[in-house]
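Shown next, in structure tokens, is the structure this report addresses.
Heavy atoms only: backbone and side chains are in, while hydrogens, waters and symmetry mates are out.
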Amino acid sequence: MSTAEQSNQSQGQKRISTDLTENADYCKQVMGNSNDLMIRPLQCLHKWPSVLLYIDGMVDVQIINHSILESLLQTRELPEFSADDEHLIYLQNDVLAASNVILIDKMKDVLDALLAGFAVVLLEGSNRGLKISAAGWEDRAVGEPISQTVVRGPMEGFNENLRTNTGLIRKRIRDPHLWIEEREIGRVSNTRVAVVYLEHIVDQEVVKELRSRLDRIDIDAILESGYIEELVQDKTGTIFPTIYNSERPDAVCAALLEGRVAIIIDGTPFVLLVPALFVHFFQSPEDYYQRADISTLIRMIRYLAFFIALLAPSFYIAITTFHQEMLPTNLLISLAAQREGVPFPAFIEAILMELTYEILREAGIRIPKTVGQAVSIVGTLVIGQAAVDAGVVSAAMVIIVSITAISSYVIPENGLSISVRILRFVLMILAAAFGFYGILMVLLITVTHLCSLRSFGVSYMSPFAPYIGKDLKDTIFRVPWTRMKTRPLSTGTPNETRQTNKKTKR
């Protein structure tokens, strides 16, 4: 063990001193005399010398003033104390008006409490202290989800506060079987991570495996859910997402009711859901808020858009390069006339347009809103008529890229949309080299790869492979709620019944 590790271990085991000055100096030294460390000396109940410690900006000033200082500075008749720590327990039980007061005895506990937004009270002559809940930093209000908008449905989205997010879930699922396990991950960041599940519905093997993977994480900081997603996923060598994320409380609650597990990370509005299947990435919360026939039609359009976004450019390249005989003569003559002045083959033409579109999309995401309109106008001119007039690309290619771009936005989950973007370039290259044979080769490899993926022990392509007939009711189409009597069997839930067979008179 190195000297630094020994020093850290020694500091972690250091007990609270009976000398107030020594304790305050230790905190100052460890935190580098940071100006936001507040140390307030006071006479507790006008009898015991003490000190109140907290970090400015992480506590609620109203709690500090009214629940802690007013309580500690009141005048009251005190009972006799026989043991050393009885006065601390008296403060904990009879004096402090705060909701959560806990006894601590190590300096590490003092520092951890301060950095988590607690206030700490230390008394002269006592080698224990009190940590008092006083967290009150600024949070973003609960607002409309940005990445998963709906026309019909709740307009609430998660924010960056873990406790607010768990509250939004509990507001919808008022069941004591909704269990929340919290832990801290990140040696430096000490980020709070909550594992949420319905104890009587979830497959306990999934929870056990998730606990094991979270406990194996040894990293300095967790700053966003993407860290956890990458560290606990089954397979890193895939372009397909095997963990679903959502910023909608209703979507997370629906997943919990299906027997899945949610992972909430403090500091991010995106909640992870496991296990995640391929079909989940085509489902939107709105599918369940409108009639089954409408939802089924929209879901089929999403699958169609998925294949258009994936295959449209490669099909164009393959047909114009190798398989012209598949086109009607008039269309073939029209395409040939359009491409007459274009100096590049169809593959280079498609690559140029796709790369230009990807650059514009990235710029559109990161550019300040004040100049966003200017970029949109420039982008329209570049991909539009100006490129055709300059003879760089044909009009047909502009149509293909436009349809591809619009179709990629129909996929509800951004992770799968990115996978399609990557795979599209591979398909274009193989289409330029081998035509339809190249496309077929990539599709066969992709399907084989998808069938080999697993998400926390569940086959990624379930219920298609392996085939689970009962789960088909909520895949490409959605049956009416009256026929959704069982939960998805692919999640391994021990509680399959979603509805009873009671018949109602109409």
Side-chain angles (χ1 to χ4, degrees), residues 4 7-8 10-17 19-44 48-73 88 91-92 96-124 126 128-141 159-165 182 184-193 219-224 227 265-269:
S7 174
N8 290 337
S10 168
Q11 288 179 356
Q13 294 174 348
K14 178 180 173 60
R15 293 185 64 83
I16 294 172
S17 169
D19 185 349
L20 277 183
T21 307
E22 183 182 334
N23 291 330
D25 289 344
Y26 178 81
C27 291
K28 285 182 185 176
Q29 180 193 350
V30 172
M31 299 187 68
N33 285 316
S34 300
N35 292 334
D36 57 351
L37 174 62
M38 299 291 121
I39 301 176
R40 167 79 154 82
L42 63 137
Q43 286 288 324
C44 185
W48 306 305
S50 57
V51 65
L52 173 67
L53 301 101
Y54 60 92
I55 293 183
D56 192 20
M58 296 193 71
V59 296
D60 187 333
V61 177
Q62 297 296 324
I63 295 177
I64 294 291
N65 289 338
H66 299 300
S67 300
I68 299 177
L69 282 175
E70 279 188 12
S71 301
L72 294 176
L73 294 176
L88 268 177
L91 289 176
Q92 181 187 21
L96 285 163
S99 59
N100 188 14
V101 184
I102 301 169
L103 280 168
I104 52 177
D105 56 8
K106 292 179 182 173
M107 287 308 297
K108 183 180 185 305
D109 298 333
V110 173
L111 294 169
D112 289 345
L114 293 174
L115 294 170
F118 285 81
V120 174
V121 173
L122 302 176
L123 268 63
E124 181 73 34
S126 176
R128 300 174 80 183
L130 294 171
K131 81 171 187 180
I132 307 160
S133 176
W137 50 78
E138 293 294 328
D139 283 322
R140 184 168 61 93
N159 67 8
E160 286 75 11
N161 188 300
L162 183 142
R163 191 55 64 223
T164 303
N165 295 343
E182 279 191 30
E184 291 185 350
I185 301 178
R187 293 191 303 272
V188 177
S189 65
N190 289 316
T191 306
R192 288 191 298 158
V193 175
I219 193 171
D220 55 352
I222 299 291
L223 302 181
E224 213 277 336
Y227 286 52
I265 296 95
D266 197 24
T268 174

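- Pairing each heavy atom of C27 with each of L111, the nearest pair is SG-CD2, 4.2 Å.
- For S189, the side chain to side chain donor-acceptor pair (under 3.5 Å) criterion is met by T191, not counting sequence neighbours.
- The side chain to side chain donor-acceptor pair (under 3.5 Å) check on E160 picks up R140, with sequence neighbours excluded.
- Looking at residues two or more places apart in sequence or on another chain, you find a salt bridge (Lys or Arg N to Asp or Glu O under 4.0 Å) between D105 and R15.
- Considering only heavy atoms from C-beta on, I265 stays 4.5 Å or farther from E224 through its side chain.
- Under the rule for a side chain to side chain donor-acceptor pair (under 3.5 Å), the partners of S17 that lie at least two apart in sequence or sit in another chain are E22.
- Applying the side chain to side chain donor-acceptor pair (under 3.5 Å) test to every pair with at least one member in residues 53-66, sequence neighbours left out, gives these pairs: Q62-H66, H66-E70.
- Taking CG of L91 as the start and CG of L123 as the end, the distance is 6.0 Å to the nearest 0.5 Å.
- When all heavy atoms of A97 and S71 are compared, the closest pair comes out as N-OG, 3.5 Å.
- Considering only residues two or more places apart in sequence or on other chains, R163 meets the side-chain contact (heavy atoms from CB on, under 4.5 Å) condition with N161, T166, E182, R192.
- The shortest side-chain heavy-atom distance between D109 and K131 does not fall under the 4.5 Å cut-off.
- Rounded to the nearest 0.5 angstrom, I102 CD1 and S133 OG are separated by 8.5 Å.
- Judged as a side-chain contact (heavy atoms from CB on, under 4.5 Å), and not counting sequence neighbours, the contacts of L42 are R40, S50, L52, L72, L73.
- In terms of heavy atoms, I132 sits closest to A98 at CG2-CB, 3.2 Å.
- Judged as a side-chain contact (heavy atoms from CB on, under 4.5 Å), and not counting sequence neighbours, the contacts of D220 are R187, V188.
- Not a single side chain to side chain donor-acceptor pair (under 3.5 Å) links Q43 to another residue, sequence neighbours left out.
- Listed by first then second residue, pairs satisfying salt bridge (charged side-chain N to carboxylate O under 4.0 Å, His left out) with a partner in residues 110-124 read K108-D112, not counting sequence neighbours.
- Within the 3.5 Å criterion, the main-chain N or O of N165 finds no donor-acceptor partner in the side chain of N159.
- Residues I104 and L130 share a closest heavy-atom pair of CG1-N, 4.4 Å.
- At a threshold of 4.5 Å between non-hydrogen side-chain atoms, the residues I39 and K28 count as touching.
- Rounding to the nearest 0.5 angstrom, the gap separating the CE atom in M107 from the CD1 atom in I16 is 6.5 Å.
- Minimum heavy-atom separation, A119 to I64: CB-CD1, 3.9 Å.
- A distance of 9.5 Å separates CD of E184 from CG of D266, quoted to the nearest 0.5 Å.
- The side-chain contact (heavy atoms from CB on, under 4.5 Å) test applied to L115 returns M31, I55, not counting sequence neighbours.
- Counting all heavy atoms, side chain and backbone alike, G129 lies closest to L122 at CA-CD2, 3.8 Å.
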